[in-house]
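Each remark here refers to the structure printed beneath this line.
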Amino acid sequence: MITDYPDLNCICIDAASWSYQIEVRHRRYILHRYFGPKMQRPAEIPFSRYLGKNYGSIHPDSEFPEFSYEAELLEYSSPGKGDYRIPAFLGSRNDGSPVFWFTYVSHRIVSGACEIPGLPSVYALPEDRAQTLELLCRDDSSGLEVTLCYTVLPEYDILLRWCRYTNNGSNPVFLHRAASICLDIDRSSYDLLTLQGAYARERIPARIPACRGITSFSSLRGISSHHQNPFLGVLAPETTEHSGMAMGLLLVYSGNHCFEIEVDAYGGMRIVGGMHDQSFSWKLIPGESLHTPQVIMTRCDDGMHGMSRRFHEIIRTRLCRGPWRDRPRPVLANSWEASYFRFTRDDIVSLAGEAADLGIELFVLDDGWFSGRNDDTSGLGDWKTDTDKLPGGLRSLSEAIHAKGLLMGIWVEPEMVSPGSRLLTEHPDWVLGSREQQRTTGRNQLILDLTREDVQDFLIGTIDRILSDADADYIKWDANRCFGEFSSAALHPDRQGEIAPRYILGLYRVISEVVSRHPDVLFEGCAGGGGRYDPGMLAWMPQYWTSDNTDALSRISIQYGTSIVYPPVTMGAHVSAVPNHQLGRSTSLSFRGHVAQSGNLGYELDLRKLSDAQKNEVRSQVAWYKQWRDVIQFGEFFRIASFTEGEEAAWMAASRDKKRALLFCFRRLAEVSQAPGLLRLPGLCPSTRYIERTTGITAWGEELISRGFPVSWKTGDCISCVYEFTACTEE
Ligand code: GLA
């Protein structure tokens, strides 16, 4: 709920457990007053970041000569008037001057959440009682206005922030940085939590203390990247999984991004986050607006789990959309690691037959189904079915797959084109980069110029055609390279700085159009594994291929890290063959099964090569998963232990009513003389008595929560066990 206190110059934004307060001082300066545990009233004690004379400071305003930006916590900032911390805005006016002075003009409070033109965002339903505050500021000399937007979803404990720039002057202005958020905190003794990695090693948590100076976490790869997820956590040093302050900021964006954190001379901390300003410059002509991507923010005092729980809820129910949001996700078989580029129609039909026999529900034909695609050097862009491999075409294959009672899925990589393709011969300017310079390739491919509307329309038509040719129920949307050149033949020289954001706007236009034309198709995102696993993509595609690394042991760390922000229902997790194709490691089918059953279960191996005993094991994995799927996909997820602390990792999924819960335990290396220990199980109800099926143990929830449950390990490395808890009595 948002309340205006004009007498106290304060606007209070209140959620279930926190309050955020903004001060408008002298009807001119927009200052940050408070973000912390919920308060019933506005804060009143005057506060300045330093006391007494300070010859280091300058003063912007003769009317209020004592005022200095540097002494204040701010809601937004641009340089030139005495704030020396990292700015949220950089620009230049028509006369070349970089000086802008944004001061308060007005504000309004409206009900609901707002759509951000061209960009995905969290939505709200009437029962969410969402409200939005819009604070309008203006730089009088140029007429450039910025509206700082704040939407609260009180029950979700979520604050959404973004900005709208509008040129209400009479000359163009250039924006060189347009952050989505500027957040000042009056102290700096915090840890920073990020999700970092590399290809096939995505989203591994990294926690470091904030330190004096500027720290930045970013991606300049054109995609949100395997390397740095667009998430920043701020934790009190003592914060653990279930206690302590945890704040999270998550950018709803799939391109270049940056979070910068500055700890300055006065011990305060500033966070600025949004689109990366390298390879960014936007010419805003009079009358035009530019919107920044949205930041989803939350804070809590119940530790990292509290932060993750809030992110999981908002992503699962108010960012993901469409009929698949709440539908159980089908167990799938994917052809990639089963046959790569080399297969015949008979291979695919027989793989699908095996899949159907094992209880699998969806068969996905991955890469290699279109002409010229016998390896990754050619074929992208023309999207003509390879009728040597698939005589009768996609439709006839799809009929054969459907006839086995399976859904049919297909892989596409729409944004890319192979150098030798007909598409590129006909449209040499449809790719990023310039003809005068050699263009970079990645996985032997070029990137279509999605800043162009004709290319966007071409892609919308192409995907429409593939979907109807294949009569597909599912699409795996891949994007297998990082960007090189942010330059386009289609844009005027003084707009070349707009290519990185315009590409993402173009991509969002294509995806939103395709998704809205095909609401019943399930879309799974992919970018060389989890290279664009971000809230921007999840807004359209409710699940994502977590990583190309399908080794079960590596996957535990990857899925564990991913769960810091993203709910398990968004994670594609497949059982693959051993020795594993990425790492050469062999683990048991049961271990691989348990890891994959923790997300959206799939199989990605040649099912025909399994022995009868292995097929029976897969059959029972699939059957078991279907019994517990609602708990895993739509329940609450709890991290219990990770390999950073020892040889054991564990997590839990519990149904919303806490009547059913699963405990997944994984051990990496066996050790002698190891006490098995009691694992405390947070996801249960204290006053419910549970029975655990595999051991027959019965106990009250309070004991399982506070004292714990004994895990009994078999000998051997890479061992796993799953325990099933069901409520038997309630007090
Ligand atoms: C990427 C994906 C894989 C697979 C291949 C196909 O690497 O992440 O899952 O689809 O492309 O070329």
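Just so you know, these numbers come straight off a predicted model, no measurement behind them. Numbers for residues simply follow the sequence, beginning at 1. Remember, it's 1-based here, ligands and their atoms both numbered in the order they're listed.
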Which atoms of ligand 1 have any heavy atom of [X] under 4.0 Å away?
{"X": "Trp545", "answer": "8 (O), 9 (O)"}
{"X": "Cys526", "answer": "2 (C), 8 (O)"}
{"X": "Asn480", "answer": "1 (C), 7 (O), 11 (O)"}

Look only at interatomic distance and state if [X] has a nitrogen or oxygen under 3.5 Å from any nitrogen or oxygen of ligand 1.
{"X": "Asp366", "answer": "yes"}
{"X": "Asp367", "answer": "yes"}
{"X": "Gly529", "answer": "yes"}
{"X": "Trp411", "answer": "yes"}

Counting heavy atoms not belonging to Arg201, are there more than 12 under 6.0 Å from its CZ?
no
May I ask you to check whether over 12 heavy atoms, not counting those of Gln438, lie within 6.0 Å of atom CD?
no
Could you check whether [X] makes a cation-pi contact with [Y], meaning its NZ or CZ is under 6.0 Å from the centre of the six-membered ring and within 45° of the ring axis?
{"X": "Arg422", "Y": "Trp430", "value": "no"}
{"X": "Arg321", "Y": "Trp540", "value": "yes"}
{"X": "Lys389", "Y": "Phe343", "value": "yes"}

Tell me which protein heavy atom sits closest to [atom], plus the residue, atom name and distance to 0.1 Å.
{"atom": "atom 11 (O) of ligand 1", "result": "Asp478 OD2, 2.9 Å"}
{"atom": "atom 3 (C) of ligand 1", "result": "Asp548 OD1, 3.4 Å"}
{"atom": "atom 9 (O) of ligand 1", "result": "Lys476 NZ, 2.7 Å"}

Can you give me the closest heavy-atom contact between Gln559 and Met571, atom names plus distance?
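Heavy-atom minimum between the residues: O-CE, 3.7 Å.
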Looking at every non-hydrogen atom in both residues, tell me the closest pair between Pro328 and Arg629 and how far apart they are.
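For Pro328 and Arg629, the tightest heavy-atom pair comes out as CB-NE, 3.9 Å.
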I'd like to know if Lys476 and Asp366 make a salt bridge, using a cut-off of under 4.0 Å between side-chain N and carboxylate O.
yes
Within the structure, is a non-hydrogen atom of Arg443 found at a distance of less than 4.0 Å from ligand 1?
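Distance cut 4.0 Å: Arg443 passes for ligand 1.
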